[in-house]
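Sequence lines set the chain letters: A, B, ... in the order given, protein chains first and strands last, and positions in each chain run from 1. All figures in this text were calculated on a predicted structure; none of them were measured in a lab.
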There are 2 protein chains.
Amino acid sequence: MDPKQILKEHVAKIAALTDEEFDNFFDRFELQSFKKGQTIITAGDKVNHEYFVVSGCLKTFYINDDIKMYILQFAMPTWWASDFNALYSGAKATVGVDCVTDAEVLRLSNADREEICREVHQVEHFFRWRTNKGYVASQKRLLSMMNNDVKHRYEELMAQYPELYNIVPKQLIAAYLGVSRETLSRLYNS
Amino acid sequence: MDPKQILKEHVAKIAALTDEEFDNFFDRFELQSFKKGQTIITAGDKVNHEYFVVSGCLKTFYINDDIKMYILQFAMPTWWASDFNALYSGAKATVGVDCVTDAEVLRLSNADREEICREVHQVEHFFRWRTNKGYVASQKRLLSMMNNDVKHRYEELMAQYPELYNIVPKQLIAAYLGVSRETLSRLYNS
DNA sequence: CCTGAAATGTGATCTACATCACAAATTACC
DNA sequence: GGTAATTTGTGATGTAGATCACATTTCAGG
């Protein structure tokens with residue numbers, strides 16, 4: 001399906017934009033295509049954009065001591081990815097974003113987002129909603145991380161994204177769950 | 001200091017409201033005073049308000065199996081607390097909010113927030129910013145939970161809220177860190 | 001379709017933290 | 001200010017999951 005249409009339907013669920021308003025919004029995005037494994041945001045760089053996933057799957061991750069990777073988010077179609085901390089504060093990226101599969105994204109600059117938010121009230125409304133949804137999801141995950149064991153968390157993830165099982169290596173699933181790949185492997189065979 | 005003034009200065013950092021706009025905003029809040037230990041939101045109830053802390057300290061917590069408590073947030077002055085998931089979705093509360101110390105809060109209903117967000121663009125802007133800040137903080141904490149051991153997390157918390165050490169029982173600090181009170185106790189004496 | 005690299009499985013061992021149990025200290029309140 | 005309730009300290013023991021090591025399988029690219 002057409003990227004513009006996907007974004008339009010995504011936004012329409014929340015914000016009532018006229019066609020002209022949506023066109024104004026959409027014109028600020030740039031369509032980009034990436035191959036599996038390509039990097040979108042590199043830790044240490046300045047972050048200027050956020051990315052709306054049209055197709056494929058991205059991951060947002062943190063690497064500690066150049067050794068261990070933790071995945072903050074798998075971004076599937078109609079989700080948004082970036083280092084939001086860096087994007088909003090102007091700091092250098094501490095998390096990276098890259099492509100788990102081939103992917104198409106619509107990217108929007110920080111400056112353009114702020115401008116359109118000022119110009120069109122309903123766009124600001126949309127972004128408030130979107131961030132709120134992310135916040136609630138993040139709190140839920142934090143709670144699950146504190147409260148549930150690996151098996152439980154694994155089943156939660158699979159319930160939420162069944163398709164993930166086939167498209168991403170198991171190590172990445174382990175990195176999302178915050179567990180070693182060995183432990184996750186042992187979990188399957190039982 | 002005057003609750004109205006505290007909220008005004010908090011909002012002014014982000015959103016440029018005229019005095020009339022701010023008054024319109026403020027008039028929707030209701031000032032409430034609570035004693036240490038009093039309950040603000042009970043798990044299972046319907047949630048209709050969010051709470052801006054003027055003085056004192058609240059905690060947002062989840063209790064699992066009626067046994068273990070996990071603290072999602074200590075809400076200090078100028079922070080906001082609620083079960084945001086329940087508040088936005090209309091679901092019953094899954095987390096509770098109560099008072100760690102005597103506290104004064106300004107409460108705002110969900111309906112009033114949405115109404116004033118529609119009426120005054122800058123208020124919507126303010127709430128987008130606030131939620132974004134919460135989202136970023138939540139992501140950071142999630143990462144810390146996955147990446148750092150208890151000692152590290154304890155030191156982080158103390159760096160962020162040194163005053164907490166004196167005003168809350170150590171068990172609550174343990175519940176925030178996601179660790180048993182015994183382990184936390186052993187941490188001190190070393 | 002072959003070959004090196006990446007991903008996965010599996011055993012042995014180690015460790016941070018949980019849990020249980022009870023004693024000591026602190027705090028709230030009649 | 002004395003007594004009960006709550007909070008904290010500390011030992012003994014249990015366990016989920018980490019780490020290391022190496023074998024096996026799968027996959028991607030020439």
Query - Qualifying residue for side-chain hydrogen bond (donor to acceptor under 3.5 Å, both in side chains) with R113(B), from E50(B), H49(B), E124(B) - result: E50(B)
Requested in this report: Apply the side-chain hydrogen bond (donor to acceptor under 3.5 Å, both in side chains) test between K8(B) and each candidate in D2(B), D19(B), D23(B); give the one that qualifies.
Outcome: D19(B)
Query raised in the report: Hey, mind stepping through R128(A) and E114(B) against salt bridge (Lys or Arg N to Asp or Glu O under 4.0 Å) and telling me if it holds?
Result: CA-CA 11 Å; R128(A) 173 165 71 91; E114(B) 290 305 312; 3.0 Å; yes
Requested in this report: Return the orientation label for the Y154(B) and Y188(B) ring planes: parallel under 30°, perpendicular over 60°, tilted otherwise.
Outcome: perpendicular
Query raised in the report: How large an angle, rounded to 10°, do the end axes of the helix from dC1(C)-dG30(D) to dC30(C)-dG1(D) enclose when each is built from five base pairs?
Result: 60°
Requested in this report: Would you check if there is a donor-acceptor pair between the side chains of Q38(B) and D98(B) at a distance under 3.5 Å?
Outcome: no
Requested in this report: Begin with the C-alpha distance, continue with both residues' side-chain angles, and end with the deciding distance and a verdict on salt bridge (Lys or Arg N to Asp or Glu O under 4.0 Å) for K36(B) and D102(B).
Outcome: CA-CA 4 Å; K36(B) 178 175 177 173; D102(B) 291 358; over 6 Å; no
Query raised in the report: Can you say whether the rings of F25(B) and F22(B) are parallel (under 30°), tilted (30 to 60°) or perpendicular (over 60°)?
Result: perpendicular
Query raised in the report: Would you say dG9(D) has OP1 or OP2 under 4.0 Å from some side-chain N or O of K170(B)?
Result: no
Requested in this report: Return the 5'-most residue of the pair L172(B), D149(A) with respect to DNA chain D, ranking by each residue's nearest nucleotide.
Outcome: L172(B)
Query raised in the report: So what does K151(B) touch, heavy atoms closer than 4.0 Å: a base, only the sugar-phosphate, or nothing?
Result: nothing
Query raised in the report: Any Lys/Arg nitrogen of E156(B) or K140(B) sitting under 4.0 Å from an Asp/Glu carboxylate oxygen of the other?
Result: no
Report summary line: Heavy-atom contacts, protein to nucleotides 18-26 of chain D, under 4.0 Å, summarised as B (base), S (sugar-phosphate only) or - (none) per nt, yield BBB------
Requested in this report: Please work out which of the three classes, parallel, tilted or perpendicular, describes the rings of H10(B) and F52(B), given edges at 30° and 60°.
Outcome: tilted
Query raised in the report: Just the endpoints, please: which first and last nucleotides of DNA chain C, 5' to 3', lie under 4.0 Å from a heavy atom of chain A?
Result: dA7(C) to dA12(C)
**Report entry** Nucleotide dT8(D), atom P - distance to OH of Y188(B) in whole Å
**Finding:** 8 Å
Query - Cation-aromatic face contact K133(A)/W79(A), 6.0 Å, 45 degrees - result: yes
